Amino acid sequence: MLQFYNTLTRRREVFKPIENGTVRLYSCGLTVYDYAHIGNLRAYVFVDLLRRWLEYRGFNVQHVMNLTDVDDKTIRGMKEEGVPLKQYTEKYITAFFEDLELLNIKKAKILPKATEHIEEMVKLIEILLQKGYAYHSDDGSIYYDISKFKNYGELSKMKIEELKAGARVKVDEYGKNEARDFALWRAWDPDDGDVFWETRLGKGRPGWHIECSAMSMKYLGTTMDIHTGGVDNIFPHHENELAQSEAATGERFVNQWLHNEHLVIKGERMGKSLKNFYTLKDLMQKNHDPIAVRFLLLSTYYRKQLHFTFEGLEAAENGLQRLRDFMQRLNETASKTPRQKMEGDWIRQRVQETKNDFEKAMDDDLDVSRALAAVFNLVRDVNRVIDSKSLTDADAELVRTLMNEIERILGVLYEKELVLEEPSVEVRKLVLKREEARQMKDWKVADTIRKRLLKMGFIVEDTPQGPRLRRKRQQ
RNA sequence: GCCGGGGUGGCCGAACGGUUCAGGCGACAGCCUGCAGAGCUGUUCUAUGUGGGUUCAAUUCCCAUCCCCGGCUCCA
C-alpha cells in the first residue's frame, strides 16, 4: 500500500491518483540565477526517486518541472554581467541540466519556463481580479488580497493575524494594503531595464508565485496529484500558489504536497547566502564520483535533514563500492558445476524476501534506508554463497535480475565511464609492468610499482580477473 | 513570539508497544591472499537527551524538561 506524508494534512495518506494509472506530478524547479549546489540538488534527487518509484509501481507519470527565469535575482545578475536576460539564464539552465545528467536524474517530461508563459499568467491574474481576490496598487502593480481567501494558511498552518505581527517588510514599501499580500504582477520599474512585457495588465513582469500556478494548471489541469519542493517553499511560495489557484478555479489545487528537508552543513542550512555550499562540480574536482553524491543524497529519508560531511560522503562512496563490487563478483564467479545442496531454492526465497522488504519500505513514504538494508542483507548472504563456491549461474541470474530491478530505482550501480578521466598511458604501462613482475613472483618490484601508482593517485587491486584500478580520493 | 522537524552505538541511519534495537561506514582481530584489497566471521554493540507516568511489556504512548535544526515573503 503506497503511502506518502502529506504536508497539507500532516500525516501519512494512502496514495490514490485522480486518474487510475496516471500521476500528475509537479516539481518546483530552480531559479536560474546561479549554479545549483548539492543542497538544491537534493530536491531533484528526491523527486527522481519519487518518480522512479511511481513508475516502478506501474504509474504513467506526467512530470512537470518549472524553471524560474525571471525574478529579482535573475534581473540583478543580468545587469551585473551586462547581458540580455535570456543569455544570462541560459548559462545556468545548461549547467543545471548537466548536473541532472551527472546525477542520473531523469528529466521531467515538460520543463516550462516562466518567460514563455506570460499569457497564461495574465489570464489567471485577470480571473483573480474579476473574482475580487486581487487589487491594483498606485504604481500599477497587482496584489493578491490574502484576507479574501478564507483558507489562507492551510498549508503552512500559519494564521493571518500572526503573519502581520511577524512581518519583516515595511507595509508601505510597495503600496500593498497588507504586508502579507503578495505580488501577482509587478509594474515596470526603471531598475528592471528592458525586462518587461506589454500585456493587458500593463507594462511589467509577473510575481514569483503566479508562474507555478499558471504552468502547473496548463500542463496538469486544475487539480494535480503531487506537488513537490523543499520545505522552505511551504511558506510563502506554496501557500500562495494554493491561494491563487484555488481562488481562481474553486477547486482543490493539489492532493498531496511532498516536501524534502534541507541539507545541513556544520549545523547550518546549506544556502547560497551563507556561502557554505558545494556544487556538484566542486566535489568532482576533489575526485568524488557524482553518482556517489547521488547515493548519499538518496540514502537518507527525504524528510530528514541531511548533515553533509566529507566523512559521510566517503561512507556513501564505500557503501556504493560494496554494491558495485558485488555486481562484479556476481558476474565473475558463478560456478558452472551444479552442486548438491539446495542453494537454488534458498536463493530464490532470499531474492523474493528482499524484493518484498524493499517494496514495502519504499511504499512507506520512500523509506530508502530500510529498503537499502534489505539489499545489503541479500548482498551479505549471497557473498557467503559465493565464498563457498556453490553459486550457480542460475542463482546468479536470479540475484542479478533483482539487482537490476532495484537499480531502476536507485540508478547508482553502473559507473558512468565519461565522468572520471581514463588513466593515462603511463599509468596503464605501469600496471602492465607490475603484472609482469607478479607473474615472475618478483614481489619487490610489484610492490614498488604499486606504491608509485598510489602516489600518482591510483589504487591497484589484484582480483582473480586481473588488476583493477581505483582512483584515490583527495580531501 | 508563532509554526514545523528532530535528539538511537565512534559516525551515519532504520524500527515506533512485544523474538538478541535493521543496515551502512569506521576501527581492531581471525580466515583467505605473495603482501594488500575484495569477501566472510567476530569484537567495538549491556546505543534509544533527561525526569516522571501508563502498561505484563516503551526506543515506540502520555506529561514535564533540556538541547539542536528549519520556516515566519531571497532561498531546494
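Quick note on labels: first sequence line is chain A, next is B, and so on, each numbered from 1. Just so it is clear, the structure is predicted and the values come from calculations on it, not from any experiment.
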Write out a two-atom table: protein N or O, nucleotide N or O from nucleotides 31-35 of chain B, distance below 3.5 Å.
residue: B:G34; atom: O6; partner: A:R438; partner atom: NE; Å: 3.2
residue: B:G34; atom: N1; partner: A:D447; partner atom: OD1; Å: 3.1
residue: B:G34; atom: N2; partner: A:D447; partner atom: OD1; Å: 3.4
residue: B:G34; atom: N2; partner: A:D447; partner atom: OD2; Å: 2.6
residue: B:C35; atom: O2; partner: A:R450; partner atom: NH2; Å: 2.2
residue: B:C35; atom: N3; partner: A:R450; partner atom: NH1; Å: 3.3
residue: B:C35; atom: N3; partner: A:R450; partner atom: NH2; Å: 3.4
residue: B:C35; atom: N4; partner: A:D462; partner atom: OD2; Å: 3.2

A:Y144: partners by side chain to side chain donor-acceptor pair (under 3.5 Å), with sequence neighbours left out: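 Here no residue qualifies.
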Would you indicate which nucleotide in B:C75, B:A14, B:A76 comes nearest to any side-chain atom of A:W208?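 Of the candidates, B:C75 comes closest.
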B/S/- along nucleotides 22-27 of chain B (protein heavy atoms under 4.0 Å) is BSSSS-
Stems involving RNA chain B: give each as a range paired with a range, ordered by first number, where a stem means at least three consecutive Watson-Crick or G-U wobble pairs under 3.5 Å.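 Correct response: B:1-7 with B:66-72, B:10-12 with B:23-25, B:26-31 with B:39-44, B:49-53 with B:61-65.
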Looking at B:G39, I'd like to know if its phosphate oxygens (OP1 or OP2) sit under 4.0 Å from a side-chain N or O belonging to A:N383.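 The answer is no; no side-chain N or O of A:N383 sits under 4.0 Å from OP1 or OP2.
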Along RNA chain B (nearest heavy atom to each residue), the more 5'-positioned of A:V460 and A:N233: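 In this pair, the answer is A:V460.
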Just grab all the salt bridge (charged side-chain N to carboxylate O under 4.0 Å, His left out) pairs involving residues 2-14 of chain A, residues at least two apart or on different chains.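 For residues 2-14 of chain A, and leaving out neighbouring residues, the salt bridge (charged side-chain N to carboxylate O under 4.0 Å, His left out) pairs sorted by first residue read A:R12-A:D364.
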All N/O pairs under 3.5 Å across the protein-nucleotides 5-8 of chain B interface:
none

Using a distance-only test with no angle check, is there a side-chain donor-acceptor pair under 3.5 angstrom linking A:Q352 and A:N356?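 Present: a donor and an acceptor within the cut-off.
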Do A:H288 and A:E317 pair up side chain to side chain, a donor and an acceptor below 3.5 Å, judged on atom types alone?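 Yes, A:E317 and A:H288 have a side-chain donor paired with an acceptor closer than 3.5 Å.
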Are the aromatic ring centres of A:Y92 and A:Y33 under 6.0 angstrom apart?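 No, the ring centres sit 6.0 Å or more apart.
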